[in-house]
Amino acid sequence: MDYKALGLTAGIEIHQQLDTAEKLYCRCPTILRNIDERNGEIRRYLRATVSEMGVIDRAAEEEMKQMRFFSYYAYNTTCLVENDDEPPTPMNPEALQITLTIAKMLSMTPISQVHTMRKMVIDGSNTTGFQRTALVAMNGIAGGNCIIESICLEEEAAQRVTDKTFSLDRLGIPLVEITTAPCMHTPEEVKEIAEYIGMILRSTRKVKRGLGTIRQDVNISIRDGARVEIKGVQELDLIPEVVSREVERQVSLLAIREELRSRGAEVPQGELDVTDLFSSTKSKVLKKKAPCIMAATLKGFAGIVGREIQPGRRLGSEMSDYAKKCGVGGLFHTDELPAYGVTEEEVAALRERALAGDGDCVIIVSGTEQQATCAIRQALKRAGMALEGVPEETRKMLPEGSSAYMRPLPGAARMYPETDVLPVEITEEMMAAIDLPELLVEVAARFTRELGIDSALARHIAYSDRLPTFEKAIAAGIKPSLAARTLISTLRELSRDGVDCGGIPDETLIDLLLRVNSGEVAKEAIPDILRALAGGAPLEEAIQSVGPTFSVSDLETLIEGIVAERAEFIRDRKMASLGPVMGIVMKEVRGRIDGQIVADVLKRSIEKRI
Amino acid sequence: MDYKALGLTAGIEIHQQLDTAEKLYCRCPTILRNIDERNGEIRRYLRATVSEMGVIDRAAEEEMKQMRFFSYYAYNTTCLVENDDEPPTPMNPEALQITLTIAKMLSMTPISQVHTMRKMVIDGSNTTGFQRTALVAMNGIAGGNCIIESICLEEEAAQRVTDKTFSLDRLGIPLVEITTAPCMHTPEEVKEIAEYIGMILRSTRKVKRGLGTIRQDVNISIRDGARVEIKGVQELDLIPEVVSREVERQVSLLAIREELRSRGAEVPQGELDVTDLFSSTKSKVLKKKAPCIMAATLKGFAGIVGREIQPGRRLGSEMSDYAKKCGVGGLFHTDELPAYGVTEEEVAALRERALAGDGDCVIIVSGTEQQATCAIRQALKRAGMALEGVPEETRKMLPEGSSAYMRPLPGAARMYPETDVLPVEITEEMMAAIDLPELLVEVAARFTRELGIDSALARHIAYSDRLPTFEKAIAAGIKPSLAARTLISTLRELSRDGVDCGGIPDETLIDLLLRVNSGEVAKEAIPDILRALAGGAPLEEAIQSVGPTFSVSDLETLIEGIVAERAEFIRDRKMASLGPVMGIVMKEVRGRIDGQIVADVLKRSIEKRI
Amino acid sequence: MKTGDVVSCTIGGKTVEAVYITERDERAVLKLSSGYNIGVPFSEVLHVRDGEERKGVEPPVVQDSKLPELAIISTGGTIASRVDYRTGAVTSRSTADEIISAIPRLATIGRFRTSQPFSILSENMKPSMWIELARCIYDQIQAGAHGVIVTHGTDTMAYSASAVSFMLDTPVPVIFVGSQRSADRPSSDNVMNALCSAAVASANLGEVAICMHGTVNDDYCAVHRATRVRKMHTSRRDAFQSIGAEPVATVTYPDLEVSLHADAIGREAQKLALRDTMEEKCALISYYPGMDPAILDSYTSYRGLVIAGTGLGHVGTALMERIRELVCNGTTIVMTTQCLHGRVCDRVYDTGRDLLRAGVIEGEDMLPETALVKLMWVLGQTENPEEIRQLMQENLKGEIVRRSVYGL
Amino acid sequence: MKTGDVVSCTIGGKTVEAVYITERDERAVLKLSSGYNIGVPFSEVLHVRDGEERKGVEPPVVQDSKLPELAIISTGGTIASRVDYRTGAVTSRSTADEIISAIPRLATIGRFRTSQPFSILSENMKPSMWIELARCIYDQIQAGAHGVIVTHGTDTMAYSASAVSFMLDTPVPVIFVGSQRSADRPSSDNVMNALCSAAVASANLGEVAICMHGTVNDDYCAVHRATRVRKMHTSRRDAFQSIGAEPVATVTYPDLEVSLHADAIGREAQKLALRDTMEEKCALISYYPGMDPAILDSYTSYRGLVIAGTGLGHVGTALMERIRELVCNGTTIVMTTQCLHGRVCDRVYDTGRDLLRAGVIEGEDMLPETALVKLMWVLGQTENPEEIRQLMQENLKGEIVRRSVYGL
């Protein structure tokens with residue numbers, strides 16, 4: 001696609017969890033828990049509050065279509081603040097310090113007096129019904145020419161366990177949100193900027209690492225399209241796909257708009273109860289839901305509702321997304337029927353009842369009367385938008401890179417001051433006192449320069465989660481190559497084999513490497529020892545499990561025997577016998593003593609005999 | 001027996017629960033509860049406290065031989081005072097007023113300043129470990145010549161549910177204890193005095209009635225014997241039997257003492273572990289207990305340990321009672337062995353080990369080592385007392401009138417001041433203001449005089465639990481004969497048939513009698529209606545269940561028919577036909593209309609025809 | 001500059017347009033179009049144009065005339081409030097229409113009349129306002145209210161409810177309600193508390209009570225007798241707890257089923273009466289080790305003093321002389337306990353017996369705060385020392401539970 | 001007449017012989033041979049003969065020298081006491097022999113040394129005695145005690161334990177113990193509490209705590225951190241409760257198994273140190289609606305004042321001016337809450353923000369009583385206002401729990 005011609009503009013928001021000792025507005029540790037460790041559960045309703053204009057924020061209103069009773073798991077590492085039963089503490093100074101450091105790295109200007117706001121979120125992921133967030137700095141630059149609009153410090157939401165159940169361990173972990181201007185124009189460019197900002201963040205050495213600790217939201221629009229925010233892109237590599245699919249979607253929706261307009265299509269309001277038509281249906285889906293089935297006719301929409309707008313997504317899917325907000329499972333439309341057990345006769349009867357002509361499309365939904373009515377109206381709303389083009393929306397990424405509707409883009413009405421938290425002053429002295437950390441790219445260059453590590457591997461190390469381990473290992477006197485190989489290659493290979501070494505503490509890894517360094521443990525034994533450690537064994541036991549270590553004098557005795565047995569062969573072949581005999585020795589000692597030592601001893605032994 | 005010759009002197013203590021609104025030292029109601037209604041349970045240990053002489057009261061010490069963990073059931077009608085978790089309230093003035101009334105009726109002199117004492121009781125029946133008691137008046141006279149030594153106002157103990165579990169509903173109900181001097185000299189005299197004092201108590205109309213609300217303890221001694229207190233005699237009729245059996249016991253014990261002395265019997269101290277002798281015993285009792293079996297030899301006791309001293313009781317039983325305080329099931333002695341699965345060989349081995357001659361008796365007990373050692377020492381203690389004669393004891397009555405050992409007579413050391421309750425002043429004005437109630441004997445006389453009731457029945461009424469009901473019935477205008485017959489004879493007959501009418505409220509009984517009085521319900525129907533009421537039916541339903549009532553006009557129609565059919569017979573026999581025809585009519589209407597009305601109507605009908 | 005004016009300022013070299021909100025600690029607080037507030041030095045702010053007048057619109061409210069008439073009396077609580085999203089200010093709303101439009105389900109429970117005798121933060125309550133409030137409730141009941149709901153800040157709600165309880169014999173429920181989490185947040189307890197209070201205001205109750213969350217969940221409200229309740233947590237929803245007594249009722253949510261306790265006083269059990277005199281010259285003091293007896297000198301002009309003593313109701317011997325003097329000079333002194341739970345009993349230890357001899361009145365199991373309010377009321381009714389003592393020791397409005405039942 | 005004399009009097013025409021006990025309200029209290037006491041007018045009593053001297057005998061006690069050495073410090077509590085059955089007087093016993101003979105099982109737990117710095121009713125405790133007590137404990141630990149047991153009346157035990165906690169860094173357990181039901185009754189909680197306290201005094205603990213019944217049953221004792229415990233019932237055995245924290249240990253009875261909580265501070269975690277200066281010129285006041293601001297005038301000479309405010313830590317606006325003056329004149333004012341549970345947060349409402357501006361220090365979740373004791377101690381350590389503020393807001397001895405965990 002010619003993105004320039006289509007007028008693609010994109011921006012990103014990067015959400016990165018900070019690795020602070022305590023949460024942003026309480027003093028709980030920022031650690032995640034297993035839900036089995038919960039020690040309490042609280043249950044609450046949330047409701048949107050009315051703004052001074054008598055208006056409920058449109059995003060919040062959407063979330064309110066169902067009255068929802070939420071359940072929250074509490075832990076001994078959460079407190080009454082997460083339970084929304086105690087006022088928040090002042091903003092965590094450590095989190096603010098990290099945020100200011102990032103702002104300085106991005107040449108941003110801090111806000112003189114930072115105000116904590118409440119952003120209304122009533123999907124249950126915040127016990128309060130809002131997320132606390134503060135704009136800390138504005139207007140910087142990333143990677144040479146991408147403008148950074150703002151950096152906000154906000155609290156993480158609770159993790160969803162099931163539909164209406166959340167776990168409070170994650171709620172309140174500090175998170176920075178970095179928003180770029182819409183200054184990117186190709187899918188690849190988006191990825192590059194995201195990558196660069198990620199590197200900046202990790203350079204602080206104060207951000208959380210691992211799955212779910214960083215999330216990208218991408219804002220995309222094309223000319224004549226509309227701004228769409230796609231949330232929850234966790235892998236950088238997927239960003240270009242997400243962007244190009246959204247461009248495709250907007251292009252398709254604009255084409256549909258033109259076709260509908262040319263057909264003179266329209267969306268009459270009003271729903272039709274057609275429950276009786278399906279009283280003896282064989283369709284399992286309709287039967288399952290069924291107290292009420294509602295229908296509506298989309299004039300001039302025939303064939304278009306079923307049209308694909310993105311891989312795996314049709315206009316009908318978009319309408320279905322809207323309908324689902326009312327608690328129904330989805331909708332059917334005559335572009336796809338008969339199907340799902342709905343017969344041709346039923347479709348005919350439906351069309352007749354709905355007074356639908358050949359050019360029209362009929363949609364149906366089933367559920368309780370209230371649900372079905374709500375859902376059909378939502379679907380009609382979305383159908384109406386098709387006549388306008390691309391709606392502004394917040395969407396969530398689907399696994400392959402397509403997206404589904406979440407809610408309208410939230411307006412400013414959802415944001416109001418957090419009166420329980422005092423504003424914080426940011427002075428020039430505070431900014432001046434911040435030491436900028438060494439960028440990871442610089443770290444990598446230094447590794448190559450100072451440790452003689454190959455530049456690709458150095459980059460790997462610098463960007464890896466094990467960077468601090470590596471640095472500790474070097475400080476402890478471990479050979480850089482050993483440390484790099486073990487911490488990068490070996491661990492990655494094990495990870496590919498499904499061995500999760502994430503739980504092995506740095507201290508244990510360094511202890512192991514020190515033993516290898518001293519020859520106490522053979523380099524070759526490392527993978528097997530790591531497997532044992534990953535399985536939960538203590539280091540001593542892990543080492544023992546691989547086999548007792550083999551001392552140099554043991555080795556000498558062994559080699560003496562082997563060489564003696566093969567004295568003739570050695571005398572014949574001289575040093576050329578080294579290879580074959582080495583093989584025989586290694587069979588005995590592999591993984592129990594360093595191969596280099598074996599080679600040295602064997603070589604000396606052979607030399608004595610020739 | 002010639003009681004005068006034996007030098008019998010006896011006194012009684014009468015314990016009577018008072019019918020106050022609230023308990024003696026708290027404000028809970030004085031009502032008993034079903035244990036299923038309990039709403040809490042508390043568990044406590046009790047221990048004897050040491051007196052200022054470093055001495056534990058001998059009765060308390062006996063109860064301490066086992067460390068006991070007690071359990072108490074609480075109700076919504078008990079409070080923290082019963083739980084021993086709140087200080088007592090001041091002494092209930094209503095209870096004191098009743099006590100003073102009784103004192104005045106017995107011509108006693110009140111104590112100027114009444115002090116509440118704590119009497120140590122650690123058998124678990126008091127959560128505090130003591131019973132609160134206050135001496136209120138002294139030195140009166142009952143029934144002409146029996147001296148009343150004292151009247152005390154004390155709190156009821158908790159009711160025992162199982163061995164170590166008590167119910168707190170009864171704890172704290174006010175109780176008067178009236179102690180006579182030892183001024184009675186025959187068993188019958190004891191009963192008469194008890195009966196007279198009981199009448200005085202009930203004359204106050206302020207005492208509880210029914211099972212367990214009054215208890216007599218009898219103090220008995222004969223010349224050369226000792227004072228023995230037999231507790232818990234609930235039925236007056238059993239008193240003479242209890243007294244005569246105790247006299248028999250003391251006579252027997254004195255005879256045993258003489259015989260033992262003449263034999264030169266002695267009780268060597270020290271126990272012998274004979275567990276090994278019974279390692280393969282067939283005796284189920286020994287096997288069951290069995291970790292340890294201890295024995296001791298009683299020199300010169302052969303044949304005497306097994307001697308009966310009271311119906312069903314031997315000297316061995318007395319020793320067994322002492323041994324049981326240590327938690328063992330009882331003891332065996334060679335006067336009764338071989339028996340209970342103990343073989344002749346085992347007895348022989350036992351005798352040999354115990355170095356017992358033919359004139360000696362060997363006793364054994366089984367239990368844990370601690371229990372068995374404690375128990376054999378207790379038994380030896382009691383055996384030693386046999387050489388002295390009759391021990392001073394508190395005993396409990398057994399069902400037939402014999403008694404078993406409970407504990408030594410408590411000494412004054414168990415009594416110390418209740419510091420949480422302030423003393424109460426009794427003034428001459430208070431005593432002067434007390435109106436003496438009409439004695440029940442006077443009530444009976446008045447009934448005969450004023451209501452024309454036969455004097456035996458009048459006495460029955462006056463002494464009955466239903467006296468208040470009777471008085472209410474008379475006040476409501478019910479015929480005295482109807483009221484008396486129903487409340488005394490009918491209820492007694494029903495009771496003999498096993499129908500418990502105790503739960504029928506006075507109001508219901510009076511309502512029923514009013515309907516009988518008015519002819520609405522037939523007199524004959526009363527027993528059946530009462531049966532239905534006792535079964536829990538409401539009055540209307542009970543009346544209906546017996547059959548619809550029969551109006552006088554219904555009766556006239558019925559009688560007209562019957563008489564018409566038998567016109568000839570009637571004309572023949574004239575008024576002599578009344579009896580036979582009456583029988584025919586009654587077969588139809590029995591229990592549905594008053595027989596007297598039937599007779600009247602029938603008589604008139606017959607008269608018309610002759 | 002005034003709130004709502006459009007202004008601009010420069011941040012990081014870029015000009016940002018914003019709305020001026022307010023001044024805070026010498027900074028201008030501006031709202032950006034994203035909704036964020038920021039504080040910037042006034043020197044950097046340029047006025048662009050005046051703000052437009054914005055006017056709130058209430059949707060019209062229809063009340064069902066077949067439903068029982070309930071009165072809502074607001075004293076400044078935030079049972080229904082609205083946030084000004086520009087300033088963050090919370091506006092309390094107190095007309096029937098405003099309240100119903102905030103909590104629409106109320107309209108299915110009753111027909112509402114409203115009244116607002118004053119509007120204050122509850123920590124600024126004082127006895128004269130209790131009287132005003134009691135009169136206002138009395139008027140509403142006389143005017144035919146089937147039940148009365150009083151919205152009140154939670155800080156001193158228990159004191160006010162207790163005061164009304166002593167002043168007013170009520171034949172209908174008088175239910176105090178508030179919220180622990182402000183009404184401007186989606187998770188506020190205000191809606192559930194308000195609906196439950198309306199349900200219990202319609203129920204068969206005839207006493208003054210407080211209706212608040214029974215647990216930290218949105219599952220039921222507990223209705224506490226005014227004289228036995230205490231705020232026992234600074235911030236939890238279930239902060240209000242009956243002490244030494246069970247709640248008189250519970251109301252489940254969202255179905256609003258009312259379950260009355262057997263001890264609850266029913267409708268019409270009391271005839272409407274108001275005895276609204278209170279003696280303000282009363283104080284409450286807590287004893288602590290080493291308390292300087294001279295502190296009692298500040299109370300010589302007081303007519304009543306409640307002491308929250310230690311344990312069963314004790315103070316140090318050093319205070320005894322001053323206490324004797326106060327009693328001699330006509331100050332009524334009532335002993336309660338800082339333990340809060342359990343009963344005062346000054347007959348057990350010497351210190352207590354000395355207090356009784358000095359003329360101090362045992363406050364039984366009354367909460368210290370309730371005892372203070374009661375003492376103010378009793379001293380407003382009589383000057384006769386014997387009557388004062390008798391009234392203080394008698395259970396008038398459930399403030400004294402004569403038996404300490406286990407499990408409470 | 002003197003106690004123990006044999007006397008006679010006539011009642012109902014009969015002469016009764018008795019022992020003279022004491023005078024009570026103008027009556028002679030006599031003990032009859034039955035054990036009953038009666039009070040009769042002195043005019044009716046005749047002296048018969050003088051009483052005999054009766055002397056108590058203690059059984060000899062042998063201590064096991066292999067057991068750890070524990071110190072028992074008595075301050076007048078009745079952990080071991082003996083009743084004079086004639087007078088009803090309870091004699092406190094405090095030598096090791098006396099205590100062990102009253103509670104023989106103690107001898108299986110430790111070897112005991114005893115000390116009695118003073119003997120008073122606990123309501124008469126004062127800061128100077130806390131210092132004396134802390135010094136006495138310090139001396140015992142220095143002399144090698146493996147653990148210290150302090151017997152103390154329950155009324156102010158929590159204050160004393162808290163004071164010792166601030167003054168003393170202890171490497172061994174310092175366990176306060178008392179009884180709610182007097183030791184002279186068979187059902188007293190003294191034996192179980194004493195045995196459990198001895199067990200925990202031997203355990204791996206290194207802090208000051210209170211050991212009392214955990215429930216109303218004789219099943220286990222709870223060991224509460226001195227700074228988080230409060231007497232919450234006048235008379236129940238389980239009156240002591242940890243507020244906003246879990247007990248640091250439990251001890252089951254009768255097997256005396258000690259279970260330490262994960263948060264418990266272990267032996268030797270602190271080095272022995274004593275900082276025994278306290279500023280006595282401190283007070284605690286509870287705010288209530290209508291409180292006269294003039295009351296604060298009594299505190300102008302005070303160096304410290306703890307206020308138990310309403311809710312999150314508020315007082316009426318009327319007091320604000322006086323509070324500002326006090327702070328300006330150098331009085332440190334700390335805000336706590338009369339709710340007892342939960343945390344002070346004066347950032348939420350205007351009243352609170354005004355208090356902060358006036359210089360009032362937020363007392364976090366400290367109990368008001370603990371805050372008072374801590375303030376006395378802090379003012380004894382420094383006069384620097386910033387240091388005072390910092391120390392008051394820092395957790396020194398568990399008095400501040402930084403996170404309010406749900407379920408406490």
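On a predicted model such as this, the values are computed, not experimentally measured, just so you know. In the text below, chain A, chain B and the rest are named by the order of the sequence lines, each starting its count at 1.
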Exercise for the section: State whether the side chain of C:D365 and the backbone N or O of C:V401 hold a donor-acceptor pair below 3.5 Å, judged by distance alone. Expected result: yes

Exercise for the section: Heavy-atom distances under 4.5 Å only: say whether C:Y287 touches chain D with side chain, backbone, both or neither. Expected result: both

Problem - Proximal component of C:V348, with respect to chain D [non-hydrogen, under 4.5 Å] - result: neither

Handout entry: Test side-chain hydrogen bond (donor to acceptor under 3.5 Å, both in side chains) applied to C:T215 and C:D238, step by step
Key = CA-CA 5 Å; C:T215 71; C:D238 57 347; over 6 Å; no

Problem - Region of D:L372 in contact with chain C, defined by heavy-atom distances below 4.5 Å - result: side chain

Handout entry: Heavy-atom contact with chain D under 4.5 Å, split by part of C:Y159
Key = side chain

Practice task
Measure D:M232 against the heavy atoms of chain C and call it side chain, backbone, both or neither at under 4.5 Å.
Solution key: both

Practice task
Sort C:C345 into side chain, backbone, both or neither according to what part of it lies under 4.5 angstrom from a heavy atom of chain D.
Solution key: neither

Handout entry: Aromatic ring pairing C:H314/C:Y349, orientation class (parallel under 30°, perpendicular over 60°, tilted between)
Key = perpendicular

Exercise for the section: Could you point out which residue of C:V306, C:L305, C:T370 forms a side chain to side chain contact (heavy atoms under 4.5 Å, CB included) with C:L375? Expected result: C:V306

Exercise for the section: Heavy-atom distances under 4.5 Å only: say whether C:I285 touches chain D with side chain, backbone, both or neither. Expected result: neither

Exercise for the section: Taking atom types as modelled, find out whether D:H213 and D:D219 have a side-chain donor-acceptor pair closer than 3.5 angstrom. Expected result: no

Exercise for the section: For side-chain hydrogen bond (donor to acceptor under 3.5 Å, both in side chains), just list the numbers for C:T310 and D:K231, CA-CA rounded to whole Å, side-chain angles, deciding distance to a tenth of an Å, and then say yes or no. Expected result: CA-CA 9 Å; C:T310 61; D:K231 186 175 181 181; over 6 Å; no

Handout entry: Residue, of C:H233, C:K126, C:R230, C:E369, that accumulates the most heavy atom pairs under 4.5 Å with chain D
Key = C:H233

Problem - Contact origin within C:Y302 toward chain D - heavy atom pairs under 4.5 Å - result: side chain

Fill in the blank from the handout: So, the part of C:Q338 with a heavy atom under 4.5 Å from chain D: the answer is both

Handout entry: Structural part of D:V216 lying under 4.5 Å from a heavy atom of chain C
Key = side chain

Problem - Donor on one side chain, acceptor on other, D:S122 and D:H152, under 3.5 Å - result: no

Problem - Proximity breakdown for C:T317 and chain D, heavy-atom pairs closer than 4.5 Å - result: both

Practice task
Answer with yes or no whether the side chains of D:S242 and D:H224 bring together a donor and an acceptor at under 3.5 Å.
Solution key: yes

